[in-house]
Q: 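Please read through the structure below; I'll follow up with questions.
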Amino acid sequence: MRKQERLATKEHREHKNFMEAKPEADRKSLDDRNKMTELERIRHSAAHVLATAILRLWPEAQFAAGPPVENGFYYDVELSHRISPEDFAKIEEEMKKEIKANNVFEKIIVTREQAIKDAESGRLGGLAERPGNASKFKIGNLQDIPEGEAISYFKNGDFLDLCAGPHVMRTGNIGAFKLTQVASAYYKGDEKNPQLQRIYGTAFKNKTQLDEYFKMLEEAKRRDHRKIGAEMGLFAIDTEYVGPGMALWLPKGGAILEALETLAKETEFAAGYVRVKTPHLAREKMYKTSGHLPYYADSMFPAMHLPLEGDAKTKREQLESSALKRFEESTAKLISSAESNIKGESQTADVRAASEEFLAAQKGWNTLRDEKDPTESYYLKAMNCPHHHRIFAAEPHSYRDLPLRLAEYGTCYRYEQSGELFGLMRVRSMNMNDAHIYCTEEQFASEFNAVNEMYLKYFKIFGIEKYVMRFSTSAPEGMGKKYVNEPELWKKTEDMVRQVLIDSKINYVEVPNEAAFYGPKIDVQVWSVIGREFTLATNQVDFAVPAKFGLTYRAKDNTDKTPLCIHRAPLGTHERFIGFLIEHYAGNFPLWLAPDQVRILTLGDDEKLLAYAKEILAELRANMVRAEGDFGTDPIKAKIAEAEKAKVHTMLVIGGRDMDAGAVSVRLHGKGNVGAKPKAEAVAEILASIKERRA
RNA sequence: GCCAGCAUAGCUCAGCGGUAGAGCAACGGUUUUGUAAACCGUCGGUCGUCGGUUCGAUUCCGACUGCUGGCUCCA
């Protein structure tokens, strides 16, 4: 659950800027703090109670930060004892005692000097003074409080903590709580700082709400795409033979993938896109030019070193021969200058210069010579844009050709850290619903708008009602560092994007200083029907990289101009999008997406009945319906149970009664028997539902 | 990469210092059926891998690998 939240808040990685600096840690202002909801106060207070309990068990514990978070709270603690879930019961026991004591959360305002003194004595984040065990993290926290801001403590019972609050009135106001997990975290989130144990818990006003929360977690677990994916036979991750983070699409998952690609192809074709296809590899030069190397090298699969060939081989040979020539010439020159110097015909300085040149030439030649089997690096592509740029470069372009919309379900490979891999949500190989739109400045607004319209069209098809577009813009201080140094172009593009968002009345939030280095971007966050949040897609403007590849078109005034480029991937990657859809629909896909669209169930295997059933099956399959037959002698109850379990969307039950009437009995997954219908009507309905992609 | 938890049949799980069991699935039969499971049988596991302790390890200990929950990172 938490992982999804992080996926969402930290943005999806498609097209994300590799040069982007880490946003500065947010520090809540006192105003923000006063806006804390009652639930947040309960949770924040529960964190203090947690610390109180831990101190009663391990008085030497040092605490760092203990805020409320989306689903609960945590406190970061440094303690030589490794807290494990087995310790939770006794910690909770101590917490209950503190809650039962119903101590008041007392606010105390102190001077900075007093606070430093109390931190040094170990009193802060402790039950008493602890000589020789200073509250080191609290000292660090104190440094973050701006001069002039009031410094306050909160005290419950003996526990005194540096804290801006606010809290509930008394510890007894914490209704119901539970410790949930233990994790590790770096102090202030910086891996250079000490590693702390982060104890997570959750708290609610009352037991009922706590129970509801755990029930919701259960529901989320039930809908987990990994669980449903295995049950329905959609995908497999074969770590032993294929590798971690690389999904194999099984036939049934492949059917969903196919349905999505067809949707994308139709939608894009109608919107004037053209399809291209690119290899999965490229030479090092590609990523040096795009700017992805060396900054992004860590996230790419390591280079493949191939023997030199073609152009690279020629260049190498030229390099070797010129180095050798320089070496030989400098040797000859050194000898002759030494000779003339002996004869007194030249200066010693000349010999020194010749000798320096000789040494340099020798070094150059030796370096080349010692390089056994010179190779050239190839990389698996981590993004499709450079390949598309080279497609643009492959032919001359006129302004009349623009906008040029190149689309491809491109396969990308990213060497994500092992700890980050997560089902289909975070993988190392992915199929991206990618496209790059090359256009003139004048065309930009309408192109960008069309892309947004496409997003909305997709949202409607999938019943995604809650979404927000995060519009990330530049910041003046990053010009020339984080961002390409084109302040005017930035302003112009950002204004254009903002205007499009306003005009189209799209739900968006603007986030300054989070743009890509080559332009502003929009991340699309959606919520599934059970309220899980996903960042599915990214949409970016690029006014820098096309220039690096020297892309131009001939403008009306007969000059060569660099096109703008819009990166877009409305359906994200197959991996993440299907992962989202599985959880969104809980595996109960609408007919057009369902891997098993129709199953014909016969009552027995009577020859005439079978002929009738097979005729219907053939008709469906001739119309590309994913239909199959269950023609065995199992009882109909068993066939139905099996089909329901497999989440077959439409079951056609056929017995003698139906055959005689030229009908079929229709049963829909999860909805039960909807009655008999003439055969032709049932088939027509199935075809229409698929064609219209009905929900 | 870091911290913690987990790893037994295809799946869900039980068991335990004396080399393993259930249900479902699969397979072979029997069963000819009206809306969520008819019956019988068979197959199936170096108990994740490697090492240590032990007369003996699936069980205890360690390392590794993978998965999971977090952290860090993320185009």
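Being a predicted model, the structure only gives us computed values, none of them experimental. Each chain gets a letter, A, B and so on, in the order its sequence line appears, and its residues count up from 1.
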Q: Need the pair for B:rU12. Rule: Watson-Crick or G-U wobble, both distances under 3.5 Å, any strand; none if unpaired.
A: B:rA22
Q: Suppose we call a contact any N or O donor and acceptor under 3.5 Å apart; does that hold for the side chain of A:R198 and the base of B:rA4?
A: no
Q: Give a yes/no answer on whether the side chain of A:Y415 brings an N or O atom under 4.0 Å of OP1 or OP2 in B:rC74.
A: no
Q: C1' atom, B:rA9 versus B:rU58: distance in rounded Å?
A: 14 Å
Q: Within the 4.0 Å heavy-atom criterion, would you say A:D658 contacts the bases, only the backbone, or no part of the nucleic acid?
A: base
Q: Rounding to the closest angstrom, what is the interatomic distance between B:rU35 and B:rU49 at atom P?
A: 48 Å
Q: Contact class for A:K645 (heavy atom, under 4.0 Å): base, sugar-phosphate, or nothing?
A: base
Q: With respect to the side chain of A:A641, which nucleotide from B:rU68, B:rA38, B:rA36 is positioned closest?
A: B:rA36
Q: Starting at the 5' end of RNA chain B and moving along, which residue's nearest nucleotide shows up first, A:Q197 or A:T239?
A: A:Q197
Q: Side-chain contact, heavy-atom cut-off 4.5 Å: A:L281 with A:M304?
A: yes
Q: Assess, by modelled atom type and distance only, whether the side chains of A:N513 and A:Y483 contain a donor and an acceptor separated by less than 3.5 Å.
A: yes
Q: What integer number of Å spans the P atoms of B:rG62 and B:rA25?
A: 40 Å
Q: Using a distance-only criterion (donor-acceptor N/O pair, under 3.5 Å, no hydrogens), is the base of B:rU32 paired with the side chain of A:D606?
A: no
Q: What class does the angle between the rings of A:H574 and A:Y409 fall in, given that below 30° is parallel, 30 to 60° is tilted and above 60° is perpendicular?
A: parallel
Q: Using the side-chain heavy atoms of A:P244, tell me which of these nucleotides is nearest: B:rU35, B:rG66, B:rA38.
A: B:rG66
Q: Quantified in whole Å, what is the P atom distance between nucleotide B:rU68 and nucleotide B:rC27?
A: 30 Å
Q: Starting from the C-alpha separation in whole Å, work towards a yes-or-no answer on side-chain hydrogen bond (donor to acceptor under 3.5 Å, both in side chains) for A:N431 and A:T411.
A: CA-CA 4 Å; A:N431 294 284; A:T411 310; 2.9 Å; yes
Q: Using Watson-Crick or G-U wobble geometry with both distances below 3.5 Å, tell me the partner of B:rA36, or none.
A: none
Q: If we call it a pair only when both distances are under 3.5 Å in a Watson-Crick or G-U wobble match, what pairs with B:rA4?
A: B:rU68
Q: So that I can tick it off, tell me whether A:E231 and A:K647 are bridged by a salt bridge, with the cut-off set at under 4.0 angstrom between side-chain N and carboxylate O.
A: no
Q: Students often get this wrong, so: under 4.0 angstrom with heavy atoms, is A:L603 touching a base, only sugar-phosphate, or nothing?
A: base
Q: Who is the Watson-Crick or G-U wobble partner of B:rU59, with both distances under 3.5 Å?
A: none
Q: Base, sugar-phosphate, or nothing for A:P635, non-hydrogen atoms under 4.0 angstrom?
A: base
Q: Checking all strands, does A:S665 fall into the base, sugar-phosphate, or nothing category for heavy-atom contacts under 4.0 angstrom?
A: base
Q: So which nucleotide from B:rC67, B:rC71, B:rU35 ends up closest to the side chain of A:I640?
A: B:rU35
Q: With a 4.0 Å cut-off on heavy atoms, is A:G675 in touch with a base, just the backbone sugar-phosphate, or nothing at all?
A: nothing
Q: Provide the distance between the two P atoms, one in B:rU59 and one in B:rC50, to the nearest whole Å.
A: 12 Å
Q: For A:G672, answer base if it contacts any base atom (sugar-phosphate contacts may also be present), sugar-phosphate if it contacts only those atoms, and nothing otherwise; contact means non-hydrogen atoms under 4.0 Å.
A: nothing
Q: Could you let me know what B:rC27 is paired to, Watson-Crick or G-U wobble, both distances under 3.5 Å, or none if it's on its own?
A: B:rG41
Q: Can you spot which of A:K639, A:K614, A:R599 makes a salt bridge (charged side-chain N to carboxylate O under 4.0 Å, His left out) with A:E628?
A: A:R599
Q: Using the six-membered ring wherever Trp is involved, compare the ring planes of A:H567 and A:Y518 and label them parallel, tilted or perpendicular (cut-offs 30° and 60°).
A: parallel
Q: Relative to the 5' end of RNA chain B, which residue comes earlier, A:G670 or A:G632, by the nucleotide with the nearest heavy atom?
A: A:G632
Q: Between B:rA37 and B:rU12, how many Å separate the two P atoms, rounded to a whole number?
A: 23 Å
Q: Less than 4.0 angstrom between a side-chain N/O of A:R226 and OP1 or OP2 of B:rU68, yes or no?
A: yes
Q: Among the nucleotides B:rC71, B:rA38, B:rU32, which one has an atom lying closest to any side-chain atom of A:K637?
A: B:rA38
Q: Looking at B:rC71, B:rU68, B:rU35, which one has an atom nearest to any side-chain atom of A:F422?
A: B:rU68
